[in-house]
Amino acid sequence: MSRKMRHSGCMSQLSPAGDLTLGHVMDAAGLAAEDVVVIRHTYNAGGLVEGQTPPEVVLRYTQRQSVSWSVGASAKTWLCFFADGQRRSRYYGAFTNRGEVAEHRTSELKYFDLEATDVLSSLRGRLVIQWSLDAVNWSKKGSLASSFPVVEIADRQEEVFPGFERLSLPYWKLVEVMTESRYANWRSALGSVQGIYVIADTTNGKLYVGKADGRERILGRWRQYAADGHGGNVALKEVSDSAPDHRHNFVFSVLRVYDPSVPLKVVNEGESYFKAALMSRTPLGYNKN
């Protein structure tokens, strides 16, 4: 006999056997099934590459839907999963839907005003459900998807630190490194050294060379960039003030590391050298001094 669970005024169809389902998860999060659409993307579709696709690209990809698509048009919350082998589907994240932007509609596509939300954020990358047999049908109303069984809630896997010489972090990745528990060992490494770093603007090739010395270390300096996108640097702040989203074009790399015992004079000399070598004080760069 099937059962139903009711929480906070929401109701969804659950597993007859009492197994954990997506419906249980939605109910626990206070999501009403009738207000939800569940979407299953596939990597390598539309340029989506696992581990290499920034969140803003996934957002833009999700915003555009066929003019014939109506399943989630009125749904308040879009829960997005990615195919994870056969019918397995791994939770990516959620978007709040503010409705279609009619003036952006084309003969083939609708455009929806979506915004990333923290709904079920603790389960990102960890929650795996089993999609229905008709896997070709990539979107489901919440009332139908609520019966999908949960097949895995994985432990958070710690990411292996690649080494300072291999760090190349787009802004979105920098934010993840500074905030997510799976990058704890990265933060430990960055917090153990002084260093010289470079920020590259992928839109124009301009470079900013900076230093992290004393107690601040690279970790402390990069935390500031993750928080505001400019770290208080004059030229970068000017860019950010004129276009707040421009920070997403920045890539952060380490040029040289120093032991914490190395004198400030040595770190300053290293910074000056790289500013000259990379011409970041010229109109080709963002350094003002």
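Quick caveat: nothing in here was measured; it's all calculated off a predicted structure.
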Would you indicate whether the side-chain heavy atoms of Arg223 and Glu216 approach each other to under 4.5 Å?
no

To the nearest 0.5 Å, what is the distance between CG on Leu48 and OG1 on Thr53?
5.0 Å

So, Asn289 versus Lys275: side-chain donor-acceptor pair below 3.5 Å or not?
yes

Pair Glu158 + Arg182, salt bridge at N-O below 4.0 Å
no

State, to 0.1 Å, how close Ser146 and Ser143 come at their nearest heavy-atom pair, and which atoms those are.
OG-O, 3.1 Å

Working to the nearest 0.5 angstrom, can you tell me the gap between Leu236 CG and Glu238 CD?
9.0 Å

State yes or no: are the ring centers of Phe252 and Tyr197 separated by less than 6.0 Å?
no

Separation between CD1 of Ile199 and CG of Leu169, rounded to the nearest 0.5 Å:
11.0 Å

Verify, without hydrogens or angle tests, whether Asp84 (side chain) and Val128 (backbone) share a donor-acceptor contact under 3.5 angstrom.
no

Gln194 CD to Arg217 CZ distance, which is reported to the nearest 0.5 Å:
6.5 Å

Carboxylate-amine/guanidinium contact Arg88 Glu152, below 4.0 Å
yes

Donor-acceptor side-chain pairing of Asp213 and Tyr258 below 3.5 angstrom:
no

So do Phe112 and Val101 actually touch side chain to side chain, heavy atoms under 4.5 Å?
no

Hey, is the main chain of Gly231 close enough, under 3.5 Å, to the side chain of Asp228 for a donor-acceptor pair?
yes

Enter the distance from Leu114:CG to Arg64:CZ here, rounded to the nearest 0.5 Å.
10.5 Å

Indicate yes or no for a side-chain donor-acceptor contact from Ser188 to the backbone of Ala184 under 3.5 Å, with no hydrogens or angles considered.
yes

Which heavy atom of Ser240 sits nearest to which heavy atom of Gly229, and what is that distance?
OG-O, 4.1 Å

Determine whether more than 12 heavy atoms belonging to other residues, nucleotides or ligands lie under 6.0 Å from atom CZ of Arg256.
no

Heavy-atom closest pair (Met26 atom, Gly142 atom, distance to 0.1 Å) is CE-O, 3.6 Å

For Gln65 and Glu100, does a side-chain donor sit closer than 3.5 Å to a side-chain acceptor?
no

For the student: nearest non-hydrogen atoms of Ile196 and Lys211, plus distance
CD1-CB, 3.9 Å

Is the distance from the ring center of His230 to that of Tyr225 below 6.0 Å?
no

Check: Phe81 ring centre within less than 6.0 Å of Tyr91 ring centre:
yes

For Arg40 and Ser89, does a side-chain donor sit closer than 3.5 Å to a side-chain acceptor?
yes

Quick one: are Val38 and Leu22 in side-chain contact, heavy atoms under 4.5 Å?
yes

Report yes if the side chains of His246 and Thr203 come closer than 4.5 Å at any heavy-atom pair, otherwise no.
yes

Check: Arg90 side chain, Gly125 main-chain N or O, donor-acceptor pair, under 3.5 Å:
yes

Between Lys141 and Glu34, is the closest basic N to carboxylate O distance under 4.0 Å?
no

Ring pair (Phe, Tyr, Trp, His ring centres under 6.0 Å) evaluation trace for Trp186 with Phe161:
CA-CA 5 Å; Trp186 294 42; Phe161 182 63; 5.8 Å; yes

Examine Val37 and Leu59 and state if one hydrophobic cluster contains both, with Ile, Leu, Val, Met, Phe, Trp and Tyr joined whenever side-chain heavy atoms are less than 4.5 Å apart.
yes

Does the side chain of Tyr286 pick up a donor-acceptor pair with the side chain of Asp201 at under 3.5 Å?
yes

Nearest atoms (heavy-atom pairs only) where Lys140 meets Ala145:
CB-CB, 4.0 Å

Report yes or no: does Asn233 contribute a side-chain atom to a donor-acceptor pair with the main-chain N or O of Ala235 at less than 3.5 Å?
no

Sub-4.5 Å side-chain heavy-atom contact between Ser253 and Val198
yes

Are Phe82 and Tyr92 close enough that their ring centers fall under 6.0 Å?
yes

Throw together a table of side-chain donor-acceptor distances under 3.5 angstrom for residues 69-76, partners on residues two or more places apart or in other chains.
from: Trp69; atom 1: NE1; to: Ser139; atom 2: OG; distance (Å): 2.9

Heavy-atom closest contact (His248 atom, Tyr171 atom, distance)
ND1-CD2, 3.7 Å

For the NZ atom of Lys110 and the NE2 atom of His104, what is their distance to the nearest 0.5 Å?
16.0 Å

In terms of hydrophobic clusters joined by side-chain contacts under 4.5 Å, are Val150 and Leu123 together?
yes

Using only heavy-atom distances, determine whether the side chains of His41 and Thr62 contain a donor-acceptor pair under 3.5 Å.
yes

